[in-house]
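The structure's right below; bear with me while I get my questions together.
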Protein chains: 2
Amino acid sequence: MPAPRKSAASTRERLLRAAECCFTEHGYEGSSLRQITQLANVNLAAVNYHFSSKRELWLEMMERRLAPLNVERVRRLEVLRAHTPAGQPLPLEQLCEAVILPIAKAFDNRRGSCVTAARMVGRAISVPPSLSRELNRRSLDQFWGIFRASLRAALPESSPVEVDWKFYFLMSSMLGALAWQGRQAGLERQMKNENLEPMLRRLSTFIAGGLQASLPAEGKRKAKVRG
Amino acid sequence: MPAPRKSAASTRERLLRAAECCFTEHGYEGSSLRQITQLANVNLAAVNYHFSSKRELWLEMMERRLAPLNVERVRRLEVLRAHTPAGQPLPLEQLCEAVILPIAKAFDNRRGSCVTAARMVGRAISVPPSLSRELNRRSLDQFWGIFRASLRAALPESSPVEVDWKFYFLMSSMLGALAWQGRQAGLERQMKNENLEPMLRRLSTFIAGGLQASLPAEGKRKAKVRG
DNA sequence: GAGTATTTCAAATGGTTGTTTAAAACAATT
DNA sequence: AATTGTTTTAAACAACCATTTGAAATACTC
């Protein structure tokens with residue numbers, strides 16, 4: 001049984017990198033295998049050899065990035081839980097940071113920008129439903145189950161359906177902010193590589209504030225941030 | 001000069017309606033003119049006759065919906081400004097509602113669901129950049145200028161760049177929540193037609209909380225926003 | 001170094017895309 | 001009724017799409 005050729009992994013890798021770039025820039029349906037293989041400097045048929053289809057290329061590309069990202073998220077959630085006294089609710093802002101901040105680190109920064117990588121996460125919001133569902137099954141369901149439990153622990157006074165709404169707003173806000181990438185707001189300049197983590201911190205603060213705001217226990221109208 | 005044929009407007013209208021449906025469901029690149037014309041029961045060439053291209057069809061479809069939406073938003077902002085004593089900052093939550101709530105009403109509800117229409121707005125987040133830029137130029141720039149001024153008036157203690165960030169999070173959160181439509185969170189059921197306005201109210205509260213949260217005036221936990 | 005499994009490659013498959021064309025059908029005016 | 005301008009139609013256009021094929025090239029084992 002011959003070992004795989006030296007450049008084989010390189011072809012696969014180049015393909016994945018090119019796919020990240022194209023899919024992020026032009027979306028799933030907007031990127032052709034011809035564009036991707038040309039950018040990767042490999043033959044067109046390589047996609048169907050190394051992966052079996054365009055669909056699978058996209059899924060593997062996403063999986064590869066999301067897996068370590070989710071590991072880090074879960075690690076942070078566990079640390080947070082360990083540092084919170086029993087009976088105390090988990091601190092909301094740090095909970096948000098546990099989900100959002102790892103995005104800045106989890107991506108390989110050597111080639112391609114972090115910003116592209118972050119936008120890649122956001123792109124998942126606009127992919128065909130069939131792909132979205134499959135990605136969910138492979139790479140998100142497990143993490144989301146864990147995270148939802150943490151969110152319940154951070155919001156002990158909210159009803160389950162209330163928590164679901166907050167969960168939804170947290171996720172969709174995060175994806176929206178990542179997908180949009182400062183366009184239309186004159187912030188493209190602020191969202192370059194070196195500024196990604198500060199931006200994610202701002203985002204965490206924003207989302208934590210939103211989660212806190214709609215707490216039924218608090219007197220809603222004006223004192224919405226914190227008691 | 002002969003008057004336009006009776007069914008001419010009808011063809012255009014049917015095309016626009018079908019376009020809303022297809023583009024919302026499958027995205028811009030994912031919808032073909034053949035799908036759209038078939039759904040509209042018109043000839044394929046009708047698209048290039050009534051509009052000049054697929055691109056223009058999408059732009060006109062969006063423009064038609066966004067124009068009255070923005071009129072209503074501006075109207076609400078003016079009412080809000082008129083009801084706020086001079087020197088007082090505009091109330092944040094009502095500011096958010098002025099931008100978000102009109103989405104539930106501005107769309108023609110007779111045919112097609114409101115939810116579809118709302119998702120259509122969210123879809124703008126995932127359209128090719130060239131389209132996004134053109135839509136911006138035609139239908140959003142003017143409103144955004146007005147709204148940004150209102151947001152500054154609601155956040156008198158925030159710096160301009162700080163306001164830009166909040167503006168960005170407000171917009172991207174709104175688009176993200178609309179685009180995602182309860183998928184992945186088991187809330188599809190909650191987001192049917194009759195529930196759209198309550199959902200938009202929740203969203204307003206969430207976003208208003210986020211805007212409030214990062215106020216530099218408030219003694220934040222780590223004081224990361226500003227010294 | 002012969003043999004073998006793996007990887008690349010150019011070419012072609014069958015299908016779809018947005019757009020164009022030129023003729024036909026239509027409505028209104030003269 | 002003839003003319004005019006508008007709208008619809010079927011057909012064709014050229015370009016591109018994802019995927020497959022089978023042979024050539026490569027790297028590894030024995």
Side-chain angles (χ1 to χ4, degrees), chain A residues 1-23 25-62 126-131 134-135, chain B residues 1-62 126-132 134-135:
Chain A
M1 60 198 81
R5 181 174 162 174
K6 196 194 73 187
S7 70
S10 169
T11 294
R12 243 189 92 98
E13 179 66 23
R14 248 176 312 148
L15 224 27
L16 284 169
R17 288 189 193 277
E20 287 184 0
C21 188
C22 281
F23 283 137
E25 200 65 32
H26 312 108
Y28 180 77
E29 340 230 18
S31 311
S32 73
L33 294 185
R34 284 168 169 83
Q35 284 178 260
I36 294 172
T37 51
Q38 193 167 336
L39 181 61
N41 258 317
V42 304
N43 189 272
L44 172 60
V47 171
N48 285 287
Y49 176 76
H50 286 283
F51 313 86
S52 62
S53 63
K54 181 185 183 182
R55 174 189 170 92
E56 207 61 30
L57 170 61
W58 187 86
L59 284 167
E60 291 206 28
M61 171 198 87
M62 291 298 288
S126 61
V127 105
S130 140
L131 273 183
E134 180 64 14
L135 177 70
Chain B
M1 59 197 82
R5 182 174 161 175
K6 195 195 72 187
S7 69
S10 169
T11 295
R12 242 189 93 98
E13 180 65 22
R14 247 177 311 151
L15 223 28
L16 284 169
R17 287 189 194 277
E20 287 183 1
C21 187
C22 280
F23 284 138
T24 300
E25 200 64 30
H26 312 109
Y28 180 76
E29 341 231 19
S31 312
S32 73
L33 294 186
R34 284 168 171 84
Q35 286 177 258
I36 294 172
T37 51
Q38 192 168 336
L39 181 62
N41 258 317
V42 302
N43 189 271
L44 172 60
V47 171
N48 284 288
Y49 177 76
H50 287 283
F51 314 86
S52 62
S53 63
K54 181 185 183 183
R55 174 189 170 90
E56 207 62 31
L57 169 61
W58 186 87
L59 284 168
E60 290 205 29
M61 169 199 88
M62 291 298 287
S126 60
V127 105
S130 139
L131 272 184
S132 173
E134 180 64 14
L135 177 68

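No experiment lies behind these values; they were computed from the predicted model shown. Chain identifiers are assigned alphabetically (A, B, ...) following the order of the sequence lines, protein sequences preceding nucleic acid strands; residue numbering begins at 1 within each chain.
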Looking only at side-chain N and O atoms, does B/His50 come under 4.0 Å of OP1 or OP2 in D/dT8?
yes
When rounded to the nearest 0.5 Å, the distance separating OH of A/Tyr28 from CZ of A/Arg55 is 7.0 Å
Rounded to whole Å, CG of B/Leu57 lies from P of C/dG18 at a distance of 11 Å
From CZ of B/Phe51 across to P of D/dT8 the rounded distance in Å is 11 Å
Practice item. Find out whether the Lys NZ or Arg CZ of A/Lys54 is both under 6.0 angstrom from the six-membered ring centre of A/Phe23 and within 45° of the ring's axis. Key: no
note: A/Arg12, atom CZ; C/dT6, atom P; distance rounded to Å ~ 15 Å
Review point. Going by heavy atoms in the side chains, are B/Arg17 and B/Cys21 under 4.5 Å from each other?
Key: no
Given the options B/Leu39, B/Val42, B/Leu33, B/Leu15 meets side-chain contact (heavy atoms from CB on, under 4.5 Å) only with B/Val42
Protein heavy-atom contacts under 4.0 Å, written 5' to 3' over nucleotides 16-23 of chain D as B (base), S (sugar-phosphate only) or - (none), form the string -BBBBB--
Quiz item: Heavy-atom count around B/Gln38 CD within 6.0 Å, excluding the residue itself: above 12?
Solution: no
When rounded to whole Å, the CG to C1' distance for the pair A/Leu15 and C/dT7 reads 13 Å
Ion pair B/Arg12/B/Glu60, N-O distance below 4.0 Å: yes
Between OH of B/Tyr49 and P of D/dT8 the distance, given in whole Å, is 7 Å
For D/dT8, does either OP1 or OP2 sit under 4.0 Å from a side-chain N or O belonging to B/Thr11?
yes
